[in-house]
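What follows is a single structure, written as structure tokens, with notes after it.
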Number of protein chains: 2
Amino acid sequence: MTEPEPRWLSDEEQRMWRASMGVLNLLPLYLERDLQQLHGLTVHDYEILVRLSEAPDRRLRLTELAGLSHQSKSRLSHQMTRMENAGLVARESCDSDRRGQWAVLTEQGWERLVQAAPDHVASVRRHFVDLLTDEQKRVLGEAFGTVVAHLSGVDGGATCPKVLSQGTAQKPGGKARV
Amino acid sequence: MTEPEPRWLSDEEQRMWRASMGVLNLLPLYLERDLQQLHGLTVHDYEILVRLSEAPDRRLRLTELAGLSHQSKSRLSHQMTRMENAGLVARESCDSDRRGQWAVLTEQGWERLVQAAPDHVASVRRHFVDLLTDEQKRVLGEAFGTVVAHLSGVDGGATCPKVLSQGTAQKPGGKARV
DNA sequence: CTCGATCAGTTGAACATTCAATAAATGTAT
DNA sequence: ATACATTTATTGAATGTTCAACTGATCGAG
């Protein structure tokens with residue numbers, strides 16, 4: 001009994017895959033650069049700020065925040081420490097579960113987010129969204145929706161975090177408005 | 001004179017963007033996990049091995065390799081040291097330009113790549129390519145081709161590497177065959 | 001030829017991330 | 001109640017990445 005020949009990618013698939021990896025590698029560099037230069041924030045900082053800004057009472061339990069932002073708890077813990085030192089967030093202990101902690105957006109964190117958001121959305125448009133036609137946006141939204149659902153749902157054998165979407169170019173505070 | 005209202009993303013764009021970021025964050029985790037568990041390689045290791053395997057004489061100048069794999073020279077230098085210690089690659093000094101070094105694929109590196117490739121392409125299919133319809137693959141290939149071209153071409157003010165495609169799921173050795 | 005600018009690559013320190021071990025609180029079964 | 005497993009979050013060490021400084025080679029203008 002011999003191994004079946006692997007299903008190598010077709011030329012078309014190969015191009016698509018390589019382009020995807022290219023975007024995956026390059027896009028964060030540009031977003032990071034813009035955000036860093038203009039507002040002294042990393043993309044990770046920004047992501048945390050957005051998630052907290054959208055949460056009720058601008059606070060989330062650490063585990064939930066870790067999930068929403070696709071990070072391990074350990075990593076988030078270190079990152080929280082850095083952001084706490086920068087005054088962007090604070091930790092508050094949780095009454096209903098005394099193991100737990102709230103990550104809370106500070107007033108200063110909120111202000112930094114509000115300042116940064118317009119430039120960040122412009123950056124996202126310039127390097128990504130505005131390069132796509134309406135049809136491409138539609139198809140891509142559907143396609144990646146499927147992929148994310150799969151990746152979030154798949155039992156990763158406990159190695160991979162099971163978690164949903166992420167976003168970083170929304171008006172601060174979500175529908176609630178500033 | 002007042003600031004113009006930023007062009008926030010539409011709901012449709014927002015969904016698309018968040019899904020893209022989700023894929024961007026989650027996909028590498030799965031590929032990494034599979035590759036690590038089955039073959040003890042990182043995605044970065046694999047990328048280097050692929051690029052070298054496709055190059056004439058299975059060797060590339062470090063700067064070119066850095067470009068192809070979207071890494072800074074510094075990072076590549078450290079990574080080469082690790083891979084050299086693991087016996088996957090070797091450095092050879094360059095005759096025509098005595099500043100330069102060749103990154104050379106070792107026989108062992110080649111064998112590891114040949115072993116890993118079928119599982120890796122299966123992983124890429126399972127978590128990404130096979131989740132897409134033919135139309136989605138076609139549109140996505142075009143769309144991301146455009147984006148990568150933009151990101152590679154844009155003068156990033158010297159902060160961002162200007163570089164082209166990347167790939168990690170091809171039959172080792174490219175068209176040349178094993 | 002020679003001076004200065006640029007290029008190839010390396011290095012070490014600072015910074016970020018992962019990994020495994022830990023502490024403390026909660027849940028659950030007996 | 002008590003014991004055991006699970007959950008929440010933190011910590012420190014190991015590993016990986018970024019950043020700026022550096023060496024030595026090549027290029028180009030005069």
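Chain A is the first sequence line, chain B the second, and so forth, proteins listed ahead of strands; every chain is numbered from 1. Treat the numbers as computed from the prediction; the structure is a model and nothing was measured.
- Atom CZ of A:R75 and atom P of C:dC19 are 12 Å apart (whole Å).
- Checking the phosphate oxygens (OP1, OP2) of D:dT17, a side-chain nitrogen or oxygen of B:R82 falls inside 4.0 Å.
- For the pair A:D97 CG and C:dG27 P, the computed distance is 7 Å after rounding to whole Å.
- The listed nucleotides are C:dG9, D:dA25, C:dT11; the one nearest the side chain of B:H78 is C:dT11.
- B:E92 and B:R59 make their closest contact through OE1-NH1, 3.1 Å (heavy atoms, listed as atom of the first residue, atom of the second, distance).
- One can place CG of B:D45 at 13 Å from C1' of D:dT15, the figure rounded to the nearest angstrom.
- Here the side chain of B:R98 is nearest to one of D:dA25, D:dT10, D:dG16, namely D:dA25.
- Across all strands, A:S74 comes closer than 4.0 Å to base atoms (heavy-atom distances).
- One finds no side-chain N or O of B:K73 lying less than 4.0 angstrom from the OP1 or OP2 phosphate oxygen of C:dG9.
- Across D:dA25, C:dT18, D:dT10, the shortest atom-to-atom separation from the side chain of B:R99 is found for D:dA25.
- Counting to the nearest Å, the C1' atom of D:dT10 and the CG atom of A:L62 are 10 Å from each other.
- Atom CE of A:M83 is separated from atom P of C:dT17 by 12 Å (rounded to the nearest Å).
- Rounded to a whole Å, the NE2 atom of B:H70 is 18 Å from the C1' atom of D:dT18.
- Each of A:T42 and A:D95 was assigned the nucleotide of DNA chain C with the nearest heavy atom; the assignment lying further toward the 5' end belongs to A:T42.
- Using a 4.0 Å cut-off, some side-chain N or O of A:R91 falls inside it from OP1 or OP2 of D:dT10.
- Contacts of B:S77 with the nucleic acid, taken as non-hydrogen atoms under 4.0 Å apart, include base atoms.
- Ring pair A:W17/B:F128 is tilted by interplanar angle, where 30° to 60° counts as tilted.
- Salt bridge status for A:R125 with B:E13: present, with a side-chain N to carboxylate O gap under 4.0 Å.
- Look at CG on B:L65: it is 14 Å from P on C:dA8, rounded to the nearest Å.
- Of the N and O atoms on the side chains of A:T106 and A:R112, not one donor lies less than 3.5 Å from an acceptor on the other residue.
- Rounded to whole Å, the distance from CD on B:E47 to C1' on D:dG16 is 17 Å.
- At least one side-chain heavy atom of A:L41 sits under 4.5 Å from a side-chain heavy atom of A:L88.
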